[in-house]
Amino acid sequence: MTQIESNVTEKKQKLIFDIPMWPQEKIERFRETLLSWYDLEKRELPWRKNNDPYRIWVSEIMLQQTRVDTVIPYYLNFMKTFPTIKGLADANEDVLLKAWEGLGYYSRVRNMQTAAQQIMENYDGKMPVDPKEIIKLKGIGPYTAGAIASMAFGLPEPAVDGNVMRVLSRLFEIDADIAKPGNRKIFEGIMRELIDPYKPGDFNQAFMDLGSSICTPKNYHPESSPIKEFNQSYLKGTWDKFPVKSKKKKAKPVYYVGAIIKNSTGAFLLEKRPMQGLLANMWTFPLIEEELVIQETGIAIGTLTQLKDEELTEKVMKNVMLELGSKYGIRPTLMEAPFEEVQHIFSHLKWFVAVYYGQIRVEEPINIPENCYWVEPSDFDQYVFPGPQTKMWQSYLSKFKK
DNA sequence: CATGCGTGGAT
DNA sequence: TATCCAAGCAT
């Protein structure tokens with residue numbers, strides 16, 4: 001190769017998945033600018049007190065799809081209750097789930113315990129340093145592995161989350177749909193070029209702080225960004241086009257009758273949900289799914305309960321009684337029909353729960369299933385309740401305890 | 001790769 | 001009220 005050809009090669013712009021990468025000099029200026037801003041503006045957060053991998057790991061799991069303000073009190077309580085990886089590995093599952101109650105996405109904490117047990121068995125009780133090992137742990141994917149590797153161990157690993165994709169898509173005018181899982185590797189490739197090799201943890205966190213404070217999804221004002229001079233979409237006035245993000249599907253409606261049944265000693269019937277799936281292993285009042293009423297035209301007009309017709313309500317109560325008898329082995333007297341409709345929106349489902357109230361007569365034989373208990377309200381705090389259950393109970397209290 | 005998996009806050 | 005989210009991962 002001649003000297004001339006060599007120069008041509010050097011000047012040719014490097015492409016990362018068709019995205020033109022900056023020259024080295026600009027990359028270094030960018031790192032300096034971003035890290036200087038971070039040093040001044042970074043938030044003081046409980047998990048930023050030191051670089052302990054366990055503390056960082058717990059925070060990253062909690063922060064998945066969850067806001068910082070929501071996480072902080074849970075984090076402080078969790079670290080107090082389970083201060084070490086061994087403590088987490090050995091924890092009682094109900095105690096563990098109780099520490100997560102209200103935080104959502106409960107498989108996160110079960111997976112984290114499984115990972116803690118993996119660490120105890122395979123890694124001498126210490127978080128592995130190699131990102132290829134970290135990502136083998138249950139509940140740790142590409143983002144969390146990169147976050148732990150860079151923040152706890154100072155390795156130059158990208159940690160691409162929603163913030164990073166949003167910031168990068170605006171910086172480089174990337175129109176790849178950030179909702180598509182396959183596009184994450186585009187942003188990973190760019191981060192591998194940009195990341196500061198001396199302060200990779202700060203660099204990744206700077207992206208996230210920037211994304212949550214200035215480079216936000218809404219009310220975005222690029223002119224106030226510390227890195228505006230690097231921002232291609234700002235310089236070209238196209239920032240409102242980025243990021244490209246396809247819309248989520250709407251939550252599908254599901255209809256239930258929630259049966260709040262009290263026995264002669266003042267205890268209520270609770271059912272433990274299956275160990276897999278939605279709200280796994282959590283407790284609710286019995287829930288009986290209602291079918292939609294379909295007209296001959298094929299159009300759903302609602303559930304029987306929602307039609308608020310006396311004759312139909314009676315029909316529902318008969319169905320509920322039938323179900324309570326066959327599935328729960330009880331034959332209560334239903335007192336209210338229903339007294340309120342509770343709604344709860346999940347990511348993918350919208351529950352409509354028509355709440356019914358009933359009592360068991362003293363002399364009745366009781367033969368409830370194995371996953372059901374009679375529990376007094378004073379003991380409710382020992383059971384892990386999901387949102388819909390809390391709402392049903394609040395609905396009951398507001399109706400009968402005023 | 002699309003879908004399942006929670007919750008509370010902002011607009 | 002309806003919609004969109006907020007530091008994703010397992011399957």
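The chains referred to below are lettered A, B, ... by the order of the sequence lines, with proteins before strands, and numbering in each begins at 1. Excluded from the calculations below are hydrogen atoms, water molecules and symmetry mates; all remaining heavy atoms, backbone and side chain alike, are included.
When DNA chain B is scanned in the 5' to 3' direction for atoms under 4.0 Å from non-hydrogen atoms of chain A, the outermost contacting nucleotides are B:dC1 to B:dT11.
A donor-acceptor contact under 3.5 angstrom links the side chains of A:T333 and A:R361, judged on distance only. A donor and an acceptor atom, one from each side chain of A:H344 and A:K391, are located under 3.5 Å apart. In this structure, a donor-acceptor pair under 3.5 Å is present between the side chains of A:S395 and A:E340.
Taking atom P in both C:dT11 and B:dG6, one finds a spacing of 14 Å when rounded to whole Å. Nucleotides C:dC4 and B:dT3 place their P atoms 16 Å apart, quoted to the nearest Å. Across C:dC9 and B:dC1, the matching C1' atoms stand 14 Å from one another, rounded to whole Å. Comparing the P positions of B:dC5 and C:dA6 gives a spacing of 23 Å, expressed to the nearest Å.
For A:Y106 and A:P181, each mapped to the nucleotide of DNA chain B holding its nearest heavy atom, the one lying further toward the 5' end belongs to A:P181. Taking for each of A:V68 and A:G139 the nucleotide of DNA chain C with the nearest heavy atom, the 5'-most of the two is the partner of A:V68. DNA chain B is contacted by both A:Y74 and A:G182; A:G182 maps to the nucleotide lying nearer its 5′ end (nearest heavy atom per residue).
You'll find the side chain of A:E193 reaches within 4.5 Å of the side chain of A:K14, heavy atoms only. Residues A:Y255 and A:W351 fail the side-chain proximity criterion, which asks for heavy atoms closer than 4.5 Å.
A cation-pi arrangement is absent between A:R55 and A:Y75 under the rule of less than 6.0 angstrom and at most 45 degrees off the ring axis.
Residue A:R43 is in base contact, counting any heavy-atom pair closer than 4.0 Å across all strands shown. Residue-level contact check: A:L279 touches the backbone only, with heavy atoms under 4.0 Å from sugar-phosphate atoms and none from bases. Counting any heavy atom pair closer than 4.0 Å across all strands shown, A:N219 reaches sugar-phosphate atoms only and no base atom. Looking at heavy-atom distances under 4.0 Å, A:S59 makes no contact with the nucleic acid at all. Base engagement by A:L45 is indicated by at least one non-hydrogen atom pair under 4.0 Å involving a base atom.
Between A:W393 and A:F380, the ring planes lie perpendicular to each other; the angle is over 60°, past the 30° to 60° tilted range.
A straight line from CD of A:Q118 to C1' of C:dA10 spans 13 Å, rounded to a whole angstrom. Between A:K180 atom NZ and C:dG8 atom C1' the separation is 17 Å, expressed in whole Å.
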Show me the protein contacts with nucleotides 2-6 of chain C, counting only N or O atoms at under 3.5 Å.
from: C:dA6; atom 1: N3; to: A:Q65; atom 2: O; distance (Å): 3.2

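A donor-acceptor pair under 3.5 Å is absent between the side-chain atoms of A:T216 and the main chain of A:S213, judged by distance alone.
The pair A:E223-A:K228 does not meet the salt-bridge criterion, since no charged nitrogen lies less than 4.0 angstrom from a carboxylate oxygen.
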